[in-house]
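Reading through the structure tokens given below for one structure.
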There are 2 protein chains.
Amino acid sequence: MSASRDALLDRCFEVVRRHGFSHLSLREIAAEAGTSHRMLIYHFGSRDGLLAEVVGRMEAEQRALLADLVTGDADIFTVSAAFWAHLTSPEVLPAQRLFFEIYVQALYGREWTAAFRESVIRAWEEPLISLFRRAGADGDRARAHARLGLAVTRGLGLDLLMSGDRAEVDAAMTLFGELARRDLS
Amino acid sequence: MSASRDALLDRCFEVVRRHGFSHLSLREIAAEAGTSHRMLIYHFGSRDGLLAEVVGRMEAEQRALLADLVTGDADIFTVSAAFWAHLTSPEVLPAQRLFFEIYVQALYGREWTAAFRESVIRAWEEPLISLFRRAGADGDRARAHARLGLAVTRGLGLDLLMSGDRAEVDAAMTLFGELARRDLS
DNA sequence: ACGCGCATGTACCATCTGGTACATGATGCT
DNA sequence: AGCATCATGTACCAGATGGTACATGCGCGT
């Protein structure tokens, strides 16, 4: 794809990451990204087209993160801790709002979220299950642990975003780590 | 407050519960509720005013539910099970989308979500903590359990809404129940 | 019966929306 | 040098948006 298009998408992604999208018009996104709405239509076809690509960018980031984390022989506890530390770091945390904003649009069945809908649960399932298997859980239990761990991460992430109570949310995550560890050994 | 206004708000709440709000204009909400946008402005002042009242309605429902659940001498496990059963019942589950949609708008600091922002974490904290205390956890641990339990409920609720995998999500919730119970006895 | 306040309809407003038409500048390939 | 492709600007469109002005109905207390 063309370089200018990529650069444009980068900038739009940054804009959306910072401000969200649901209350931003095409023109506002364009202005914030330093271009005209005409250009966004030209490159992405429509507002939804642009949002679909932005979502794609976010998915790609998540996949990269996942690949980064499960590499090598790290166990589930190490991976979880690194994942949580990453998600709640000051640079990444604000971007989590965007994740949930997209999530909600996906729940309403918006077409441009199709790819997101496919990946948001499934992409994490297999890698997590195999990590839990390695930690000693059998089939169904590993699956339940995977699902639960992901839910805890997202639920506590939401709490942290809303409340800002980092210490208390971290304490809850630590508690969960204890509970899970106890079950697996 | 006037009866017609209340009835109108009821209907708007139903509309929003079913379809969400972020992609609905004032006129569309009005049409769906069987009135004119003129009337909504008249009664609620503005679109945001209407949304603020809708959010108030949702908060009231949640408070009523909470009061209903913690009544009497039920322990935390009974309460949690009842809460989860309620949230995931076929009538209530779709309305959860709305909860998360409001949540996201609150994360972006929309003014009409002020009341929601105040209550969404705090209203649940104290009652849950005292339930966990009764179950044998001391101060900080009870607090961490409360926070974690709420996060699990919301995280798994999100998962269920997205994936529809009721059996697997229920299994994860059951697993969490086991883990927590083991810690508390 | 009358008046008053709540409720409602009609018509309008400026502004913004996503999207298009058309012309023109750049940029590189042959 | 000339041509084609990509990129971009300007101007426009029909329709929708939140909100307002003004008139008018309807029902109740007196």
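Model, not experiment: these values are computed from the prediction. For the numbers below, each heavy atom of this structure counts, side chains included, while hydrogens, waters and symmetry mates do not. Reminder, nothing fancy here: chain letters follow the sequence lines and each chain counts from 1.
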How would you label the contact of B:Ser46 with the nucleic acid (heavy atoms, under 4.0 Å): base, sugar-phosphate, or nothing?
sugar-phosphate
Just by distance, no angles: are the side chains of A:Ser22 and A:Glu101 close enough, under 3.5 Å, to form a donor-acceptor pair?
yes
Any B:Ser2 side-chain N or O less than 4.0 Å from OP1/OP2 of C:dC6:
no
Is B:Arg47 near enough to D:dG18 that one of its side-chain N or O atoms lies under 4.0 angstrom from OP1 or OP2?
yes
Which class fits the ring pair B:Tyr103 and B:Phe116: parallel under 30°, tilted 30 to 60°, perpendicular over 60°?
perpendicular
Centroid-centroid under 6.0 Å between B:Trp84 and B:Phe176 rings:
no
Figure out the [atom1]/[atom2] separation between [X] and [N], and round it to whole Å.
| X | N | atom1 | atom2 | answer |
| --- | --- | --- | --- | --- |
| B:Arg27 | D:dT17 | CZ | P | 7 Å |
| A:Met39 | D:dC6 | CE | C1' | 10 Å |
| A:Leu40 | D:dT8 | CG | C1' | 12 Å |
| B:Tyr42 | D:dA21 | OH | C1' | 15 Å |
| A:Leu8 | D:dA7 | CG | C1' | 11 Å |
| A:Leu50 | C:dT17 | CG | P | 15 Å |
| B:Ile41 | D:dT17 | CD1 | P | 13 Å |
| A:Leu24 | C:dC16 | CG | C1' | 13 Å |

Considering only [options], which nucleotide approaches the side chain of [X] most closely?
| X | options | value |
| --- | --- | --- |
| B:Ser4 | C:dT17, D:dC6, C:dA7 | C:dA7 |
| B:His43 | C:dG19, C:dT8, D:dG19 | C:dT8 |
| B:Ser36 | D:dG9, C:dG9, D:dC12 | C:dG9 |

For C:dG19, does the base pair up with any side-chain atom of A:Arg38 as donor and acceptor (N or O, under 3.5 Å, distance only)?
no
Is any N or O donor-acceptor pair between the side chain of B:His37 and the base of D:dG18 shorter than 3.5 Å?
no
Would you verify whether the NZ or CZ of A:Arg181 falls within 45 degrees of the ring axis of A:Phe77 while also being under 6.0 Å from that six-membered ring's centre?
yes
Would a single hydrophobic cluster contain both B:Ile121 and B:Leu156, if residues Ile, Leu, Val, Met, Phe, Trp and Tyr are joined by side-chain heavy-atom contacts under 4.5 Å?
yes
